[in-house]
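Notes for the one structure printed next.
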Amino acid sequence: MTVTALLFASYADALGREQLSLDLPAGATVRDALERLRELPGGTSLPPAPLVAINLAYARPDAMLSPGDELAVIPPVAGG
Amino acid sequence: MTVTALLFASYADALGREQLSLDLPAGATVRDALERLRELPGGTSLPPAPLVAINLAYARPDAMLSPGDELAVIPPVAGG
Amino acid sequence: MRSAIVTRPIDLQALLAEVARHANGATLLFVGTVRDVNDGRAVTGIEYSAYGAMAEAELGRIVAEAAERFGTTDIAVEHRVGRLALGEASVAIAVAHPRRAGAYELSRWVIEELKHRIPVWKREEYVDGTREWLDPTAAKEPARP
Amino acid sequence: MRSAIVTRPIDLQALLAEVARHANGATLLFVGTVRDVNDGRAVTGIEYSAYGAMAEAELGRIVAEAAERFGTTDIAVEHRVGRLALGEASVAIAVAHPRRAGAYELSRWVIEELKHRIPVWKREEYVDGTREWLDPTAAKEPARP
């Protein structure tokens, strides 16, 4: 299946991109997707357990992904 | 000596006036002035120990008055 | 810092401008307005009256104490007197502080002191045409139906 | 109630008007502004960036939760993104409540949730021309001279 990964702020700087497609086996979790991102150039600078969101809502690392999901990897937030 | 007494809101309504002069003996206190006010028509509706101010600052019932002082008898405040 | 008893509508934008400084990260504006109901009675307006000279003096003392206590002079307060219609602002407190925690504590401190200390009274006017001086120290009457 | 991520200056007067109702006795406006110093470094501006769609969604969830928790829908929030100069408002929260205690608690609750939950990041720009993403979870560096 294919999911869209989004990167922001310092994470986007580290990996040099803001968006990419990931091909993952059926049943893959957030954790699996993060492992794949860590293999990319600059990917080792992602922390062990970053905040993530699936389809605009925060999700846990063991959440299962579905085809077409939007998975966002979220640096420490600093709004306000 | 003469002091000016000021009445406000419900106290002014009760005594039918907002300002009057009181002739008091030298050394008179706030408490003495209040006794004098209670003898006036409507004066019995003043509470036993109302808030008072001398010359724009809150004062205690045993504070001594001086000639020319402005003594204000202050109903429960309700600003804001 | 500045405080005043006024007889005209309060200009909120102007109060905010008075406390704006680049060292501040948080600005808080409190506005007290005339409510349409109090203790279950329908209110049509409020007449605010004050011992003007002392209210100005006491408000100035509160603001000076707040400045010392919270370490900022970015405080502007106005209390309006006279007859106010529903929804009109009777009091506005603008404060600014480097940090939001300081702004909230400062703002709350000023409104509580103001409510307890400044010689201002209000006479509420009710739909039945009667009016009454409010006494916050009086025991509440039983709730009306 | 209403919340939005915006790219234009926040109109504070408009936010206040949105929460005005005659049932309310207390209105509180919180404004977060860009400070000229952070952790001892002179700041010249901040670039706010957001995961826009999620920031809108999360802000909407915060406001809905606040409405339920505090029993009022008189809440209007805007967070601005893009490059902001010193003193400009990055966030404004207008709330109104029958009583002042409720207004203060509600306002504070919304800003704390917002700071912890909405996916917004800021890159500070310093007088020396450098710029840096802020990480509120990072250990503070030792104070600079």
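Here the structure is a predicted model, which means the values were calculated and not measured. Residue numbering restarts at 1 for every chain, and letters A, B, ... go by the order of the sequence lines.
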[X], part contacting chain C, at a heavy-atom distance under 4.5 Å:
| X | value |
| --- | --- |
| D/A101 | both |
| D/L16 | side chain |
| D/L12 | side chain |

key: Heavy-atom proximity to chain D below 4.5 Å, by part of C/A94   = neither

message = At a 4.5 Å cut-off on heavy atoms, which part of C/S107 comes close to chain D: side chain, backbone, both, or neither?
response =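 Both backbone and side chain of C/S107 come within 4.5 Å of chain D.
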
Over 12 foreign heavy atoms within 6.0 Å of CZ, C/R83 = yes

ask   = Under 4.5 Å, heavy atom to heavy atom, which residues of residues 66-77 of chain C contact chain D?
value =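 Near chain D, by residue number: none.
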
Residues of residues 22-38 of chain C within contact distance of chain D, non-hydrogen under 4.5 Å = C/H22, C/A23, C/N24, C/G25, C/A26, C/T27, C/L28, C/L29, C/F30, C/V31, C/G32, C/T33, C/V34, C/R35, C/D36, C/N38

message = Only pairs of heavy atoms separated by less than 4.5 Å count here; which of C/A89, C/A103, C/P98 has the most with chain D?
response =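 Answer, by heavy-atom pair count under 4.5 Å with chain D: C/P98.
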
task = To the nearest 0.5 Å, tell me how far C/R100 CZ sits from D/E112 CD.
result = 4.0 Å

